[in-house]
Novice: 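What follows is a structure written as structure tokens; I'll ask about it next.
Note that these values count all heavy atoms, side chains included, but never hydrogens, waters or copies made by symmetry.
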Amino acid sequence: GLSRVMPNSDNVDISFTVSNAKKASQKASSLNFSQRKEILEKAGEKISINKDEIEYLVKFQGIPMKTAEQKIKESAYLFKTLPKLISARYSNNNSNRLFHLYNNDSGFIWKKELDGIVSAFIAGNDIRESAFVFGHIVLTGNTCIMKPSSIESYFPVKFAKLLTECGYPEGALNVINFDTQDKSRHSLAYSIIAESKARILFGGDATLEMLRFETLPDGAQIDHGKKGHFITFGTGGAKTLIDKKVKNLEEIGDKISKSSLDYPIGCLASKVCLIEENVYEYLKKILIEKFSNIKSGDPLSENSDLGYYQDLPKILEIINEAVRFNLIKVINKKVISLNNKWQPAEPFLLEAFDIDSEFLKDEYSMPILTLYKYKDIDEGIRILNKLSHINSEKNLSLAVSIYSERINEIKEKLFQINAYHLNINEPTTLMNFALPHHGYYLTDCLTKEITINWHLKKK
């Protein structure tokens, strides 16, 4: 099988990688948009996952086999579909250049690749993140140095190699490895950041703070945010809101339970569900049934819906402590019985009685769904906005899924929700990657604009 041991990059590796990326820059930018689309579509057709790779994900990320297979399918779908979506956004399906046409008689904007390297710091919670970044890098004709989490660094290498084999220039897509949490290795991260024209970051405020501000031996501080743009994608903080006027609660319960299973902390996986009091008990009953049908067992078996969770003993202690103080209730008692040391018999279904409960604010790397009952839509929105946010500066939650049959009636209230994404009658995990993520169109962030005035003489 595959080993988790990856090279531990040093300053020589960084210098070599930066040099290679700069050399590949001209070749990458010389590919026209049609060629870039073809490379990505070809990679989408060729991508696959073998038995060793599945075992690797199960062993080192804890995800079950069926989840590993699904994430690869979704990465392939992204590679094949993103070119069409980007073409549609910029109104140039048949063009060899990426541009945004405003008016045939007045002009357009040419979206050109950046003059410099793009760096990307990727979290370890989802292999699709590296596919998302590399897909945009290829379509915009840029070069990239990716620093994945030490938790999962294999699939970024796999995707970079596949895209290179499909025609993207050698040295344009690079992956380096070291532990960003190790302070003795911070200088490596800063050297990459200093060389970057744009910096993509998957993580929260603490990670951004660590990578943005460098403290020198004499105590002076360098703000790398002043020398180049940080494009920050949070990893967590999705919520679900159930209105009193809904139908087909069985279907809603199914969608919510599946979303809460997304492992470990799927960027858009909702771990919190706020439910209007009129439908609370009925939906709770449905969720108890849905969770009881989720199968535990060997994650390498196609029959298991659950993976392995190394933090499980610690989480059980936190749950039992909260139960003792009557802050939460474990709705499905069966969950306390363990299938083994690292796997519950079924996912955690909790009921919180205090909006300051950590299970409403924090997220844990295992399938947990916490329910909270609210009185009316106004209170529900107030609670949503009070709960934790992924970005303290912008004070926005990542995603909120709203289930209601009276959207037109309450839509003005819904606009008061502070979130990057509002999903209407769909789970938070169903995010259209053609739309902005966290307020960013990544293609816009990875290109520079050249405005071209196009004045045609009228006949």
Side-chain angles (χ1 to χ4, degrees), residues 5-29 113-124 129-130 132-134 136-138 140-157 159-161 163-164 168-233 235 442 445-448:
V5 178
M6 299 294 285
N8 193 11
S9 302
D10 56 22
N11 285 312
V12 175
D13 296 321
I14 301 299
S15 298
F16 183 73
T17 303
V18 169
S19 176
N20 278 350
K22 289 180 177 178
K23 289 177 183 177
S25 178
Q26 187 173 353
K27 289 183 180 178
S29 63
E113 67 282 346
L114 299 176
D115 295 323
I117 298 166
V118 177
S119 59
F121 293 80
I122 305 297
E129 290 172 357
S130 53
F132 177 77
V133 171
F134 278 148
H136 283 85
I137 293 290
V138 169
T140 53
N142 281 291
T143 58
C144 178
I145 297 176
M146 182 175 288
K147 193 339 227 147
S149 166
S150 55
I151 295 173
E152 203 300 281
S153 52
Y154 173 80
F155 278 87
V157 175
F159 292 152
K161 183 179 179 182
L163 289 164
T164 302
Y168 210 61
E170 188 84 31
L173 304 176
N174 305 274
V175 181
I176 49 98
N177 294 280
F178 56 86
D179 185 1
T180 313
Q181 302 302 318
D182 182 351
K183 290 185 178 181
S184 68
R185 314 290 285 169
H186 282 187
S187 61
L188 299 179
Y190 296 136
S191 65
I192 299 168
I193 289 169
E195 291 281 357
S196 306
K197 193 74 173 181
R199 303 82 172 260
I200 299 169
L201 170 66
F202 281 76
D205 285 350
T207 306
L208 176 60
E209 185 87 1
M210 177 184 68
L211 292 176
R212 177 170 175 172
F213 296 103
E214 177 182 3
T215 302
L216 301 177
D218 62 1
Q221 195 174 63
I222 299 174
D223 180 1
H224 289 282
K226 292 182 178 179
K227 303 198 297 186
H229 186 44
F230 277 94
I231 306 158
T232 308
F233 297 95
T235 52
L442 197 49
C445 297
L446 301 182
T447 52
K448 62 180 182 181

Novice: Check whether more than 12 heavy atoms from other residues, nucleotides or ligands sit under 6.0 Å from atom CD of Gln221, and answer yes or no.
Specialist: yes
Novice: Any side-chain heavy atom of Val175 within less than 4.5 Å of one from Ser153?
Specialist: no
Novice: Closer than 4.0 angstrom, basic N to acidic O: yes or no for Lys27 and Glu170?
Specialist: no
Novice: Take atom NZ in Lys161; do more than 12 heavy atoms of anything else shown fall under 6.0 Å from it?
Specialist: no
Novice: Under 3.5 Å, side chain of Ser19 to main-chain N/O of Ser15, donor-acceptor pair present?
Specialist: no
Novice: Check the orientation of Phe233 and Phe202. Use parallel for under 30°, tilted for 30 to 60°, and perpendicular for over 60°.
Specialist: parallel
Novice: Rounded to the nearest 0.5 Å, what's the gap from NZ on Lys227 to CZ on Arg212? Could you check?
Specialist: 12.0 Å
Novice: Between CZ of Phe121 and CG of Leu211, what distance do you get to the nearest 0.5 Å?
Specialist: 5.0 Å
Novice: Grab the two heavy atoms, one from Ile117 and one from Ala21, that are nearest each other, plus how far apart they are.
Specialist: CD1-CB, 3.9 Å
Novice: Measuring from Arg185:CZ to Asp179:CG, what's the distance to the nearest 0.5 Å?
Specialist: 9.0 Å
Novice: Closest heavy-atom contact between Leu114 and Cys445?
Specialist: CD1-O, 4.0 Å
Novice: One pair to check against side-chain contact (heavy atoms from CB on, under 4.5 Å): Val138 and Leu173. What are the steps and the verdict?
Specialist: CA-CA 9 Å; Val138 169; Leu173 304 176; 4.2 Å; yes
Novice: Would you check if Phe230 and Ile193 make a side-chain contact, meaning some heavy-atom pair closer than 4.5 Å?
Specialist: yes
Novice: Could you tell me whether the side chain of Leu446 reaches within less than 4.5 Å of the side chain of Ile200, counting heavy atoms only?
Specialist: yes
Novice: Hey, are the side chains of Phe132 and Leu442 touching, using non-hydrogen atoms and a 4.5 Å cut-off?
Specialist: yes
Novice: If every non-hydrogen atom of Ser184 is compared with every non-hydrogen atom of Asp182, which pair is closest and at what distance?
Specialist: OG-OD1, 2.7 Å
Novice: Would you say the side chain of Ile231 lies within less than 4.5 Å of the side chain of His229, judging by non-hydrogen atoms?
Specialist: yes
Novice: Does Ser119 reach the main-chain N or O of Ile145 with its side chain, forming a donor-acceptor pair under 3.5 Å?
Specialist: no
Novice: To the nearest 0.5 angstrom, please state how far the NE2 atom of His224 sits from the OG atom of Ser196.
Specialist: 10.0 Å
Novice: Could you tell me which non-hydrogen atom of Tyr168 sits nearest to which non-hydrogen atom of Asn142, and how far apart they are?
Specialist: OH-O, 2.7 Å
Novice: Between Phe159 and Ser130, what is the shortest heavy-atom contact and its length?
Specialist: CD1-OG, 3.3 Å
Novice: Give a yes or no on whether the backbone of Leu216 and the side-chain of Glu214 come within a donor-acceptor separation of less than 3.5 Å.
Specialist: no
Novice: Nearest heavy-atom pair of Phe134 and Cys144: which atoms, and what distance?
Specialist: CE2-SG, 4.2 Å
Novice: How long is the gap from OG1 on Thr17 to CD on Glu195, to the nearest 0.5 Å?
Specialist: 11.0 Å
Novice: Would a 4.5 Å heavy-atom cut-off, applied to side chains only, mark Asn177 and Pro148 as touching?
Specialist: yes
Novice: Got Lys197 and Glu113 here, is their nearest side-chain heavy-atom distance under 4.5 Å?
Specialist: no
Novice: What is the distance from atom CD1 of Ile137 to atom OG1 of Thr143, rounded to the nearest 0.5 Å?
Specialist: 7.5 Å
